[in-house]
Participant: 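This is the structure I want to talk about, given as structure tokens.
Per chain, numbering begins at 1; letters A, B, ... match sequence-line order.
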There are 2 protein chains.
Amino acid sequence: MNDDKSDTLPGLPTLADVAERANVSTATVSRCLNSPDRVVEATRERVLKAVQELGYSPNFGARALAARRTGTVGAIIPTMENAIFARAMQAFQEELRDNGLTLLVASSAYRPQVEDEQIHALVARGADALLLIGHDRSEALYQFLERRGVPVLAAWVHDADNPRPSIGFDNRKAMRMLAEEVIRAGHRDLAMISADINGNDRARERVAGLREAMAARGLDAEALPLIQTRYSIEHGRQAFAKLMRRVPRPTAVICGNDVLAVGALQMAREMGLHVPGDVSITGFDDIEIATLVEPPLTTVHVPHRAMGRQAAQMLIEALRSGVPVAESVELQTDLRLRGTLGPPPA
Amino acid sequence: MNDDKSDTLPGLPTLADVAERANVSTATVSRCLNSPDRVVEATRERVLKAVQELGYSPNFGARALAARRTGTVGAIIPTMENAIFARAMQAFQEELRDNGLTLLVASSAYRPQVEDEQIHALVARGADALLLIGHDRSEALYQFLERRGVPVLAAWVHDADNPRPSIGFDNRKAMRMLAEEVIRAGHRDLAMISADINGNDRARERVAGLREAMAARGLDAEALPLIQTRYSIEHGRQAFAKLMRRVPRPTAVICGNDVLAVGALQMAREMGLHVPGDVSITGFDDIEIATLVEPPLTTVHVPHRAMGRQAAQMLIEALRSGVPVAESVELQTDLRLRGTLGPPPA
DNA sequence: TGCAATTTTGTAAGCGCTTACATTATTCTC
DNA sequence: GAGAATAATGTAAGCGCTTACAAAATTGCA
């Protein structure tokens, strides 16, 4: 409560206080903190002792202002409530932290306009680099970021045709491989529950992957019953119920993610449909819940943790070198064939 | 790429640029941005137009330095990977955002020392207020925060005996009520799987609640088999298996949270034990998974969203008034009696 | 219309730090 | 051991914004 020698009101020690106490200039104190090896040991010890005694901790604003960077990396994810993002962010944050950087997360609720705002907000708050999900956003936004010199990386996608850097996987290919498995099991009447494909390239690619697989096997991809809905268990339930009223009834329902699939599975049970005897269901992501439901969910495993970690490494490198992220990295997904996929009813 | 009239290297417009263009002083521009009603309309329009045309956006560091606050609220949670925290943080963030504040989250992995570091880090980064989970931390830490003038609020707890402000529920009472239900069902051989109770007052209180209920019904609370382990499905599995090897075998396993309970449930199935015929299992939190497993989990419902929202409101009020949070708010939990609780085997 | 009260705008002094450049101390080299 | 090369430290100029205070403009009222 009581400062020994307060001249500034809040009474917090400043660099100058430390300098005075350690009998050096403020420049030396600053160097001790930022590049300790540029200061001789004896001096450094003296300074650090003063820091300790005063309980000094640098003022963030001042540092950001003078150094023209904040040591903050921003990430905008669709929602914190899906375990896939939580997991990736956890890894992302750990890696950043190990490198002295701080993560600032915001969520967009899958709404492009909110994402736009959040990007501006994070940049205004001094994010030195940005992690975004997917590639789908306006050219103007990318120009804004480029003008600002903020390195950007897109996660969750890998598309050889897109020149912008990304860390992720080929959504289309992953879904195609899953779909091939479904078709191989004998299914001809497929249906899909997807997220809204506007402004969501991951969802769009997954739908495309399914259609590709269908076309390749001579099925009518254009006729695919497709419901676009929000990612939630409840929406998955409703969409599934709706699909089951179609004639002919689909024998396999491909879901855009595990959350939808779990909803579908639940509704199937409620409707008295046996899975996979009456209808097969697949997901995407391989979240924890996938192995907990009964029967366990056939899905695509995505290396979320690795994606988060590597995303951090790529942005750190960009920050360190001062060069925007140039390369894209493709991660592999793999199929997890579990209990919800079986042959169609005879 | 090309700035019309660059004098500073990065070429970003500053307050001064806007002022010049709008033909006013920098003070006026600043006022337009921060308290628009203190500027006459004609001027304001002129200024905002200039802001628009220049694509101006304020420098965060400079603003923080001059205003001595950052508009940032920090939160340190044990982990982002548990849905309960994700959900609460989502609500917390939304409420903050609606009030022009930004959330900075960090996670401590349930380790007090990491939490300590993170608190310092967030404060150093200019967090104007802090949300923490539980009350369990050193006096020194609280002193540090008080000295810094940072309002603090503890979530997830409500303890009438603790003078520090909190928003949450009475963990002990909630668990006691659940335990009473278990005992009422006829169980006498109880066992518990908990998180480590060191540095985790929520876990400690839940254990205490169970013991209270036992004592009240004449059971030997001291003899309660208690396994302390990390919150994860896998750890829940292992702990459950261990408990089932005891003689006499517990007929009801009370878990400190739903994640542990789901692990226990899974292991029960693997061991060929019928739930609740052979053994009853209960959780705590009522996360989404609780209703998805088979049978659905008996647990305690916690209003995570409301907690997050109200936490934000309380801190916002503290920030606005300049007075630390004084009151504590108690939220109600309620029992969700579902399929995993039944009478003990005959 | 004239003067005081009120509103709007301007002036300028920092906020606490980093860093280019200047200065001083130390180490090498022959 | 003198002079050059190198390392350590100091000096001081901002970084871009907010805000107390001063000045100017506007309004109200007799």
Participant: Any salt bridge linking B:Glu45 with B:Lys49? Criterion: basic side-chain nitrogen under 4.0 Å from a carboxylate oxygen.
Facilitator: no
Participant: Of the nucleotides D:dT18, D:dG16, D:dA12, which has the atom closest to the B:Ala67 side chain?
Facilitator: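 Of all the options, the side chain of B:Ala67 is nearest to D:dT18.
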Participant: Look at the side chain of B:Ala66 and decide which nucleotide, out of C:dG16, C:dG14, D:dG10, has an atom nearest to it.
Facilitator: C:dG14
Participant: What's the CD-P distance between A:Glu45 and D:dA8, to the nearest Å?
Facilitator: 15 Å
Participant: Quantified as the angle between the terminal helix axes (five pairs each), what is the overall bend of the helix from C:dT1-D:dA30 to C:dC30-D:dG1 to 10 degrees?
Facilitator: 20°
Participant: Base, sugar-phosphate or nothing for A:Phe60? Non-hydrogen atoms, less than 4.0 Å.
Facilitator: nothing
Participant: If you pin B:Leu65 and A:Arg69 to their nearest nucleotides in DNA chain C, which one's is more 5'?
Facilitator: B:Leu65
Participant: Roughly how many Å is it from CG in B:Leu15 to P in D:dC15, rounded to a whole number?
Facilitator: 13 Å
Participant: Tell me which nucleotide among C:dT19, D:dC17, C:dC17 gets nearest to the side chain of A:Asn59.
Facilitator: C:dC17
Participant: When you get a sec, tell me which of D:dG10, C:dA12, D:dG16 is the closest nucleotide to the side chain of B:Ala27?
Facilitator: C:dA12
Participant: Nearest whole angstrom, please: distance from the P of C:dC17 to the CG of A:Leu12.
Facilitator: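 Atom CG in A:Leu12 sits about 10 Å away from atom P in C:dC17.
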Participant: Considering all heavy atoms of both residues, which atom of B:Val18 and which atom of B:Val47 are nearest to each other, and what is their separation?
Facilitator: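 Taking B:Val18 first and B:Val47 second, the nearest heavy atoms are CG1-O, 4.1 Å.
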Participant: Quick check: do A:Thr102 and A:Phe60 have side-chain heavy atoms less than 4.5 Å from each other?
Facilitator: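 No; the side chains remain at least 4.5 Å from each other.
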Participant: Who are the ring-ring contact (aromatic ring centres under 6.0 Å, His included) partners of B:Tyr110, not counting sequence neighbours?
Facilitator: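 B:Tyr110 satisfies ring-ring contact (aromatic ring centres under 6.0 Å, His included) with B:Tyr231 only.
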Participant: Test your reading of the model: is there a side-chain donor-acceptor pair from A:Arg125 to the backbone of B:Thr70, 3.5 Å cut-off?
Facilitator: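 Here the side-chain-to-backbone pair exists.
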Participant: Rounded to whole Å, how long is the line connecting atom CZ of A:Arg44 with atom P of D:dA8?
Facilitator: 10 Å
Participant: What residue pairs, at least two apart or across chains, pass salt bridge (charged side-chain N to carboxylate O under 4.0 Å, His left out) with a residue in residues 90-109 of chain B?
Facilitator: A:Glu117-B:Arg97
Participant: Quick one: which of C:dT11, C:dC17, D:dG10 gets closest to the side chain of B:Ser25?
Facilitator: C:dT11
Participant: So, is B:Thr26 close to the D:dC17 phosphate, meaning a side-chain N or O under 4.0 Å from OP1 or OP2?
Facilitator: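 Indeed not, no polar side-chain atom of B:Thr26 lies that close.
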Participant: What integer distance in Å separates A:Glu41:CD from D:dT9:C1'?
Facilitator: 17 Å
Participant: For B:Phe92, enumerate each residue passing the ring-ring contact (aromatic ring centres under 6.0 Å, His included) test, keeping only those at least two apart in sequence or located in another chain.
Facilitator: none
Participant: Which of residues 28-40 of chain B have a heavy atom under 4.0 Å from DNA chain C?
Facilitator: B:Thr28, B:Arg31, B:Val39, B:Val40
Participant: According to the salt bridge (charged side-chain N to carboxylate O under 4.0 Å, His left out) rule, which pairs have a member within residues 27-39 of chain B, sequence neighbours left out?
Facilitator: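 The answer is none; no pair qualifies.
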Participant: Can the ring centres of B:Trp156 and B:His304 be said to be less than 6.0 Å apart?
Facilitator: yes
Participant: Given D:dC17, is OP1 or OP2 found less than 4.0 Å from the side-chain N or O atoms of B:Arg68?
Facilitator: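 So the side-chain polar atoms of B:Arg68 never come under 4.0 Å of the phosphate oxygens OP1 or OP2 of D:dC17.
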